[in-house]
Amino acid sequence: MSSFSPEAAQWFNLLAHEHQRRVLQDVTVAHYGNGALIARKGETADHWIGVMDGLIRISVGNADGKVASLTGIPVGGWLGEGSILKKECRKYDVVALRDSYVARLPSRTFEWLLDNSIPFNRYLLDMLNERVGQFIGRAEHDRLLNADARVARCLAELFNPLLYPGLKQRLAITQEEMGYLARVSRQRANQALKKLEGEKLLRVEYGAVSILDLDGLRRYGA
DNA sequence: TCATTAAATTGTT
DNA sequence: AACAATTTAATGA
C-alpha cells in the first residue's frame with residue numbers, strides 16, 4: 001500500500017468530488033521503517049498525518065530516553081489536527097511501531113477543507129469528541145489498572161470503530177508491539193492475552209489478535 | 001507445487 | 001533475559 005488509499009481515510013469518502021480532487025493532488029505518502037520517527041516533538045506541525053498501512057505510536061519521551069506511550073494508531077487513524085488548529089509545534093513524538101506507510105496532508109489543504117467542506121467539519125467534530133472521551137477514560141484508569149486490564153483497554157482503544165473504521169475484528173499486532181503500547185513486557189503481554197483469551201474476550205493468533213467481545217474489553221477491570 | 005531453510009513470533013522458565 | 005518450540009515467508013528444484 002504505497003499510495004493514498006481512501007479505505008484508510010473514511011473522511012475522504014464523505015467529501016465532494018472537487019474536494020477529493022484537491023486532496024489527491026496535495027497528499028503524499030511516505031514509508032517509514034520500524035522505529036523510525038515520523039514527526040518529532042517541537043517541530044512545526046504543517047501536516048495532518050494518516051496511517052495507510054502499519055501501526056504507529058504517539059509517545060512522549062523524557063531526557064533519559066524512557067518513553068511513555070500515549071496511544072497506538074492503527075490503519076485508518078489520523079492525527080495531529082490539534083497542533084494544526086492551534087498553530088502550535090508538535091507536542092508529541094510520532095514513531096512507527098513497524099514498517100508503515102504514512103500519508104501527509106498539508107495544513108493549507110486541511111484548513112481549506114475546514115473552510116469549504118461541511119462533511120469534513122462534521123467528521124472532525126465526531127473524531128475529536130471520541131478522542132476526548134478516550135483520553136478521559138484513560139486518565140481515570142491508567143495508573144490504577146493492572147497489566148491485564150491495561151492490555152485489554154489498549155486493545156479496546158485500537159478497535160474503536162469510530163476513530164479507526166478500517167479495523168474489523170482482527171488486528172495484526174505482535175505481542176511485543178502490544179507490550180510497547182500497554183507499557184508491559186512482552187512476557188507480561190503474553191500472559192495477559194492468554195488470560196483474556198481464557199475469558200473469551202479475544203482470540204490469540206500468530207502475529208495477530210481477534211476481538212470477540214469489545215465491550216468486555218472496554219469494561220475489563222472496572 | 002513441494003520440500004527445505006531462514007526469519008519472525010510465541011510459549012515457557 | 002534467555003531458550004526452545006511453533007508459524008510464516010522465502011527459496012529453489
Side-chain angles (χ1 to χ4, degrees), chain A residues 1-5 7-8 29-39 49-77 79 93-103 138 141-161 163-221:
Chain A
M1 214 164 283
S2 54
S3 61
F4 180 77
S5 95
E7 288 180 15
V29 176
H31 170 83
Y32 289 87
N34 195 334
L37 255 114
I38 295 162
I49 293 173
V51 183
M52 296 293 101
D53 193 30
L55 182 68
I56 70 180
R57 181 184 62 184
I58 301 178
S59 60
V60 47
N62 56 24
D64 316 345
K66 278 191 171 184
V67 294
S69 172
L70 290 183
T71 188
I73 311 281
V75 173
L79 60 114
D93 287 326
V94 181
V95 304
L97 263 189
R98 60 162 166 268
D99 280 15
S100 301
Y101 284 95
V102 171
R138 168 178 286 245
H141 300 293
D142 206 22
R143 306 260 170 196
L144 308 173
L145 297 176
N146 62 24
D148 294 330
R150 283 219 303 281
V151 170
R153 294 277 165 96
C154 220
L155 275 170
E157 286 178 9
L158 288 177
F159 277 92
N160 183 319
L163 289 178
Y164 319 119
L167 293 182
K168 285 278 180 181
Q169 60 152 182
R170 195 184 114 98
L171 171 65
I173 183 174
T174 67
Q175 298 179 1
E176 188 172 30
E177 292 167 337
M178 200 58 246
Y180 282 129
L181 288 182
R183 276 182 263 112
V184 298
S185 66
R186 180 181 73 76
Q187 294 91 320
R188 196 61 188 77
N190 178 277
Q191 275 184 256
L193 286 171
K194 296 188 77 169
K195 180 167 184 184
L196 295 172
E197 181 178 45
E199 298 179 26
K200 310 229 180 295
L201 297 174
L202 55 82
R203 191 168 55 243
V204 180
E205 298 167 31
Y206 182 83
V209 297
S210 284
I211 297 307
L212 300 178
D213 181 355
L214 186 53
D215 280 336
L217 287 174
R218 286 213 184 91
R219 273 195 287 277
Y220 197 87

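Here is how names work: the chains are called A, B, and so on, in the same order as the sequence lines, proteins then strands, and each is numbered from 1. Every value quoted in this text rests on a predicted model; they were computed, and no experiment measured them.
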How long is the line joining [atom1] of [X] and [atom2] of [N], in whole Å?
{"X": "A:Met178", "N": "B:dA8", "atom1": "CE", "atom2": "C1'", "answer": "19 Å"}
{"X": "A:Arg98", "N": "B:dT9", "atom1": "CZ", "atom2": "P", "answer": "9 Å"}
{"X": "A:Glu177", "N": "B:dT10", "atom1": "CD", "atom2": "C1'", "answer": "13 Å"}
{"X": "A:Gln175", "N": "B:dT12", "atom1": "CD", "atom2": "C1'", "answer": "12 Å"}
{"X": "A:Arg188", "N": "B:dT10", "atom1": "CZ", "atom2": "C1'", "answer": "16 Å"}

request  = With sequence neighbours excluded, tell me which residues meet salt bridge (Lys or Arg N to Asp or Glu O under 4.0 Å) with A:Arg203.
outcome  =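 So A:Arg203 forms a salt bridge (Lys or Arg N to Asp or Glu O under 4.0 Å) with A:Glu205.
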
Which side-chain N or O atoms in residues 186-194 of chain A pair as donor and acceptor under 3.5 Å with protein atoms at least two apart or in another chain?
from, atom 1, to, atom 2, distance (Å)
A:Arg188, NH1, A:Asp148, OD1, 3.1
A:Arg188, NH2, A:Asp148, OD1, 3.3
A:Asn190, ND2, A:Gln175, OE1, 2.6

Set out, line by line, the N/O atom pairs under 3.5 Å between protein and nucleotides 7-10 of chain C.
from, atom 1, to, atom 2, distance (Å)
C:dT7, O2, A:Tyr206, OH, 3.1

key: Qualifying residues under side-chain contact (heavy atoms from CB on, under 4.5 Å), relative to A:Ala103, sequence neighbours excluded   =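 For A:Ala103, the residues satisfying side-chain contact (heavy atoms from CB on, under 4.5 Å) (neighbours in sequence not counted) are A:Phe4, A:Val27, A:Val29, A:Met52, A:Trp78.
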
message = According to side-chain contact (heavy atoms from CB on, under 4.5 Å), who are the partners of A:Ile173, at least two apart in sequence or on a separate chain?
response = A:Leu55, A:Leu158, A:Leu171, A:Glu177, A:Met178, A:Leu181, A:Val209

ask   = Does the side chain of A:Asn190 get closer than 4.0 angstrom to OP1 or OP2 of B:dG11 through an N or O atom?
value = yes

ask   = Are OP1 or OP2 of B:dT10 and a side-chain N or O of A:Gln187 less than 4.0 angstrom apart?
value = no

ask   = Going by number, which of residues 194-205 of chain A have a non-hydrogen atom under 4.0 Å from DNA chain B?
value = A:Lys194

query = Looking at A:Tyr180, does the NZ or CZ of A:Arg57 lie under 6.0 angstrom from its six-membered ring centre and within 45 degrees of the ring axis?
reply = yes

